[in-house]
Trainee: 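Below: one structure in structure tokens.
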Amino acid sequence: MTTPGPRSPSGFRRLGERSVHRGHAIDVVVARFETPDGEVVERDVVRHPGAVSVVPVDGDEVVLVRQYRAPAERELLEIPAGKRDVADEPPEVAAVRELEEEVGLTAASLVPLATFYNSVGFSDEYSYVFLATDLTPVPAAPQGPEEHHMTVERWGLDDIPAAIADGRIEDAKTVIGLLAALRHLGR
């Protein structure tokens, strides 16, 4: 159990939590909260170190990856991304690392586009999205079996809105990142 926290502005207070699973990428806890009217409730919470993702734009193209995702049991088209699993590593550094590992590119320019909670109904995962431009090839260093078997694809920026609308791109961080990048680029 953990020490109770302070009351939030809305009157909720975390009383503590107990671990029910410690895994490779996540931890699962049962957290206890006191509501503003004194009721004690429990909530399942997935603890995650957070993530970064990058929209690498090269001229009129964006560099995407198609990789197998076990929870969906199929391949998805995504922007390069990864966990913030290096202690005290700033999000910008993690983004550069993931871009190099996954697609073999480094960026002279990295601009923050968005931050968001992925699924705040059950997880504390917080994500950072960056736009990467002025790209230079570097050796890729894929990590894990999914990255070793993924493919890198270049898509025209003008094709992205239709690919989102018709479901060819359906990963949330990718939709958020691509739409934010298109807006930032005035497209």
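Positions are given from 1, in the same order as the sequence printed here.
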Trainee: For the atom pair CD (Glu75) and CD (Glu146), what is the distance rounded to the nearest 0.5 Å?
Mentor: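 The distance works out to 11.0 Å.
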Trainee: Using the side-chain hydrogen bond (donor to acceptor under 3.5 Å, both in side chains) rule, collect all pairs that involve residues 37-53, keeping only residues at least two apart or in two chains.
Mentor: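 Listed by first then second residue: Glu17-Arg47, Thr35-Asp37, Arg47-Asp124.
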Trainee: Can you list every pair that meets salt bridge (charged side-chain N to carboxylate O under 4.0 Å, His left out) and has a residue in residues 172-187, with sequence neighbours left out?
Mentor: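 Residue pairs with at least one partner in residues 172-187: Asp60-Arg187, Glu78-Lys173, Asp158-Arg187, Asp171-Lys173.
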Trainee: Above 12 or not: heavy atoms from other molecules or residues under 6.0 Å from OH of Tyr68?
Mentor: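 Enclosed.
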Trainee: How far does CZ of Arg168 sit from CG of Asp159, to the nearest 0.5 angstrom?
Mentor: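 If we round to the nearest 0.5 Å, Arg168:CZ and Asp159:CG are 7.0 Å apart.
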Trainee: Side-chain contact test, heavy atoms from C-beta onward, threshold under 4.5 Å: evaluate it for Glu170 versus Leu76 and give yes or no.
Mentor: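 With C-beta onward as the side chain, the pair touches.
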Trainee: Tell me whether the count of non-hydrogen atoms from other residues, nucleotides or ligands lying under 6.0 Å of NE2 in His148 goes above 12.
Mentor: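 Yes - once you tally the heavy atoms of other residues, nucleotides and ligands closer than 6.0 Å, there are more than 12.
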Trainee: Quick one: CG on Leu110 to OG1 on Thr133, what's the gap to the nearest 0.5 Å?
Mentor: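 Spacing of CG (Leu110) from OG1 (Thr133) equals 8.5 Å.
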Trainee: Transitively linked via ILVMFWY side-chain contacts under 4.5 Å: Val93 with Val52?
Mentor: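 The answer is no; the residues belong to distinct hydrophobic clusters.
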Trainee: Between Met150 and Leu64, is there a shared hydrophobic cluster once you connect ILVMFWY residues whose side-chain heavy atoms come closer than 4.5 Å?
Mentor: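 No; tracing contacts between hydrophobic side chains, which count when under 4.5 Å, never links both residues.
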Trainee: If you look at every heavy atom in Ala81 and Glu98, which pair is closest and at what distance?
Mentor: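 Smallest interatomic distance, heavy atoms only, reads O-OE1, 3.3 Å.
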Trainee: When you group the ILVMFWY residues by side-chain heavy-atom contacts below 4.5 Å and let the links chain together, are Val30 and Val28 in the same group?
Mentor: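 Same cluster.
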Trainee: Okay, side chain of Gln67, backbone of Val65: is any donor-acceptor separation there less than 3.5 Å?
Mentor: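 No.
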Trainee: Ignoring hydrogens, what is the shortest heavy-atom contact between Val57 and Leu135? Give both atom names and the distance.
Mentor: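 Minimum heavy-atom separation between Val57 and Leu135: O-CD1, 3.6 Å.
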Trainee: Flag the pair Val29 / Val20 as yes when at least one side-chain heavy-atom distance between them is below 4.5 Å, and no otherwise.
Mentor: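 A side-chain contact under 4.5 Å is absent here.
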Trainee: Specify the closest pair of heavy atoms between Ala140 and Glu101, including all atoms of both residues, with the distance to one decimal.
Mentor: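 Shortest heavy-atom separation between Ala140 and Glu101 comes out as CB-O, 3.7 Å.
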Trainee: So which heavy atom on Asp166 is nearest to which on Ala163, and how close?
Mentor: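 Where Asp166 meets Ala163 most closely, the heavy atoms are OD1-O, 3.1 Å.
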Trainee: Let's go through Thr136 and Leu105 carefully: what are the C-alpha distance in whole Å and the side-chain angles of both, what is the deciding distance for side chain to side chain contact (heavy atoms under 4.5 Å, CB included) to 0.1 Å, and is it a yes or a no?
Mentor: CA-CA 5 Å; Thr136 304; Leu105 294 170; over 6 Å; no
Trainee: Under a 3.5 Å cutoff, is there a donor and acceptor pairing between the side chains of Ser127 and Asn118?
Mentor: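 Side chains of Ser127 and Asn118: pair found under 3.5 Å.
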Trainee: State, with a plain yes or no, whether a side-chain heavy atom of Arg14 is found less than 4.5 Å away from one of Arg32.
Mentor: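 Result no, sub-4.5 Å side-chain heavy-atom pair not found.
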Trainee: Does the side chain of Leu185 reach to within under 4.5 Å of the side chain of Leu157, using non-hydrogen atoms?
Mentor: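 A side-chain contact exists here, since the closest heavy-atom pair is under 4.5 Å.
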Trainee: Given side chain to side chain contact (heavy atoms under 4.5 Å, CB included), test Leu178 with Ile79 step by step and report yes or no.
Mentor: CA-CA 8 Å; Leu178 289 171; Ile79 56 178; 4.1 Å; yes
Trainee: Would you name the heavy atoms of Pro80 and Val63 that are closest together and state the gap between them?
Mentor: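 Shortest heavy-atom contact: CD-O, 3.7 Å.
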Trainee: Is there a path of hydrophobic side-chain contacts, each under 4.5 Å between heavy atoms, that joins Leu77 and Leu131?
Mentor: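 They do share one cluster, since a chain of ILVMFWY contacts under 4.5 Å joins Leu77 to Leu131.
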Trainee: Going from CZ on Arg84 to CD on Glu125, what distance comes out if it is rounded to the nearest 0.5 angstrom?
Mentor: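 One finds 11.0 Å between CZ of Arg84 and CD of Glu125.
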Trainee: Could you tell me whether the side chain of Ser119 and the main chain of Gly121 form a donor-acceptor pair under 3.5 Å?
Mentor: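 No; judged by distance alone, with no hydrogens or angles, the pair does not exist.
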Trainee: How far does CD1 of Ile176 sit from CG of Leu113, to the nearest 0.5 angstrom?
Mentor: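 The distance works out to 11.0 Å.
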Trainee: Begin from the C-alpha positions of Glu34 and Arg7 and carry the test salt bridge (charged side-chain N to carboxylate O under 4.0 Å, His left out) through to its verdict.
Mentor: CA-CA 9 Å; Glu34 182 179 17; Arg7 287 213 179 269; 2.8 Å; yes
Trainee: Please answer: with hydrophobic residues joined when any side-chain heavy atoms are less than 4.5 Å apart, are Val103 and Trp155 in the same cluster?
Mentor: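 No, Val103 and Trp155 fall in different hydrophobic clusters.
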Trainee: If you measure from OG1 on Thr115 to CZ on Phe130, what distance do you get to the nearest 0.5 Å?
Mentor: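 Here the interatomic distance stands at 9.5 Å.
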Trainee: If every non-hydrogen atom of Val54 is compared with every non-hydrogen atom of Ala132, which pair is closest and at what distance?
Mentor: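 Result for this residue pair: CG1-CB, 3.5 Å.
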Trainee: So Val129 and Val55, do their side chains get closer than 4.5 Å, heavy atoms only?
Mentor: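 Counting from C-beta outward, Val55 and Val129 do come under 4.5 Å.
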Trainee: Between Tyr128 and Tyr126, what is the ring plane arrangement, given parallel below 30°, perpendicular above 60°, and tilted in between?
Mentor: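 Ring orientation, 0 to 90° scale: perpendicular.
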